[in-house]
Amino acid sequence: QAQLVESGGGLVQAGGSLRLSCAASGSIFEIRAMGWYRQAPGKQRELVAGITSGGNTNYVDSVKGRFTISRDNAKNTVYLQMSSLKPEDTAVYYCAADNVYFGGCYYGRPDKCNSWGQGTQVTVSS
């Protein structure tokens, strides 16, 4: 099981940008996919973006064209570049990892993710 540490959250104005980072340690050799989920108060945890170690990506429609997920395999780190932020993007963002390329975690099933970060708050003001 990998350990995940997130950073980069904060408070930004609508239209602004923010970059989240997730560094993996421990059993990193087992990781085949990583992704970002978010959860707002009273709402379900939803997939924002996923990426496999081979470079395949998966985004929720609401962030396409605004968010970009990327990876640095040498540094065992995944990033989420968020631009043109909207108030509805406000949530706690969680990094997740899995040991299969195209499993449920990659496709938006949080119960299928193998590892989780502690979460980082993103708040977008009007």
Side-chain angles (χ1 to χ4, degrees):
Q1 185 178 11
Q3 288 73 55
L4 309 176
V5 179
E6 299 145 310
S7 62
L11 195 160
V12 297
Q13 292 183 319
S17 298
L18 207 60
R19 189 174 82 153
L20 306 183
S21 299
C22 175
S25 61
S27 300
I28 57 176
F29 58 90
E30 298 178 351
I31 297 176
R32 298 292 180 268
M34 296 183 69
W36 292 92
Y37 283 74
R38 66 186 180 188
Q39 188 167 26
K43 297 182 179 179
Q44 299 251 273
R45 187 171 297 191
E46 68 169 354
L47 176 73
V48 180
I51 188 168
T52 68
S53 58
N56 296 279
T57 58
N58 184 33
Y59 296 91
V60 66
D61 286 344
S62 61
V63 309
K64 289 180 179 177
R66 300 190 298 122
F67 292 9
T68 301
I69 188 168
S70 62
R71 75 194 194 284
D72 186 337
N73 288 339
K75 297 175 66 176
N76 303 308
T77 300
V78 168
Y79 306 94
L80 184 67
Q81 178 65 51
M82 304 183 293
S83 300
S84 301
L85 283 161
K86 304 174 180 179
E88 49 262 47
D89 294 318
T90 296
V92 177
Y93 283 69
Y94 297 91
C95 182
D98 201 10
N99 63 348
V100 296
Y101 288 103
F102 303 109
C105 184
Y106 177 78
Y107 286 113
R109 292 282 305 278
D111 57 305
K112 298 297 184 181
C113 299
N114 184 252
S115 302
W116 289 96
Q118 79 285 356
T120 184
Q121 177 71 47
V122 172
T123 302
V124 184
S125 64
S126 300

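Scope of the values below: all heavy atoms of this structure, side chains included, with no hydrogens, waters or symmetry mates.
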Rounded distance (nearest 0.5 Å) linking atom [atom1] of [X] with atom [atom2] of [Y]:
X      : Y     : atom1 : atom2 : answer
Cys113 : Arg45 : SG    : CZ    : 8.5 Å
Asn76  : Leu4  : CG    : CG    : 10.5 Å
Asp98  : Thr52 : CG    : OG1   : 11.5 Å

Problem set entry | Listed partners of Tyr37 passing ring pair (Phe, Tyr, Trp, His ring centres under 6.0 Å), at least two apart | Trp116

Problem set entry | Residues in ring pair (Phe, Tyr, Trp, His ring centres under 6.0 Å) contact with Tyr94, at least two apart in sequence or another chain | none

Taking all non-hydrogen atoms of both residues, which atom of [X] and which atom of [Y] are closest, and how far apart?
X      : Y      : value
Gly26  : Gln3   : CA-OE1, 3.4 Å
Tyr101 : Gly54  : CE2-N, 4.5 Å
Arg38  : Ala91  : CB-CB, 3.8 Å
Leu20  : Gly9   : CD2-N, 3.6 Å
Ala2   : Ser115 : O-OG, 3.1 Å
Val5   : Gln118 : CA-OE1, 3.9 Å

Exercise. If only atom types and distance count, is the side chain of Tyr106 paired as donor or acceptor with the main-chain N or O of Thr57 below 3.5 Å?
Worked result: yes

Exercise. For Lys64, which residues count as a side chain to side chain donor-acceptor pair (under 3.5 Å) partner, sequence neighbours excluded?
Worked result: Asp61

Problem set entry | Residues in side chain to side chain donor-acceptor pair (under 3.5 Å) contact with Glu30, at least two apart in sequence or another chain | none

For this session: Side-chain contact test, heavy atoms from C-beta onward, threshold under 4.5 Å: evaluate it for Met82 versus Val122 and give yes or no.
Result: yes

For this session: Any chance you could lay out the side-chain contact (heavy atoms from CB on, under 4.5 Å) test for Asn114 and Cys105, step after step, and finish with the verdict?
Result: CA-CA 8 Å; Asn114 184 252; Cys105 184; over 6 Å; no

For this session: Using the test salt bridge (Lys or Arg N to Asp or Glu O under 4.0 Å), find all partners of Arg19 that sit at least two apart in sequence or belong to another chain.
Result: none

For this session: Quick one: do Lys86 and Val124 satisfy side-chain contact (heavy atoms from CB on, under 4.5 Å)? Show the steps, please.
Result: CA-CA 6 Å; Lys86 304 174 180 179; Val124 184; 5.6 Å; no

For this session: Count the heavy atoms of every other residue, nucleotide or ligand shown that sit under 6.0 Å from CD of Gln13, and state whether that count exceeds 12.
Result: no

Seminar exercise, completed: Result for side chain to side chain contact (heavy atoms under 4.5 Å, CB included) between Val12 and one of Leu18, Thr90, Thr123 points to Leu18

Exercise. Honestly curious: do Ile31 and Phe102 fall in one hydrophobic cluster under the side-chain, below-4.5 Å linking rule?
Worked result: no

Exercise. Is Leu80 linked to Leu47 within one hydrophobic cluster, defined over Ile, Leu, Val, Met, Phe, Trp and Tyr using a side-chain heavy-atom separation of less than 4.5 Å?
Worked result: no

Problem set entry | Partners meeting side-chain contact (heavy atoms from CB on, under 4.5 Å) with Asn73 (sequence neighbours left out) | Arg71

For this session: Test Trp36 against Val78 for side-chain contact (heavy atoms from CB on, under 4.5 Å), laying out the working first.
Result: CA-CA 9 Å; Trp36 292 92; Val78 168; 3.7 Å; yes

Exercise. Which is it for Asp72 and Tyr79 under the side-chain contact (heavy atoms from CB on, under 4.5 Å) test, yes or no, and what are the steps along the way?
Worked result: CA-CA 8 Å; Asp72 186 337; Tyr79 306 94; 4.2 Å; yes

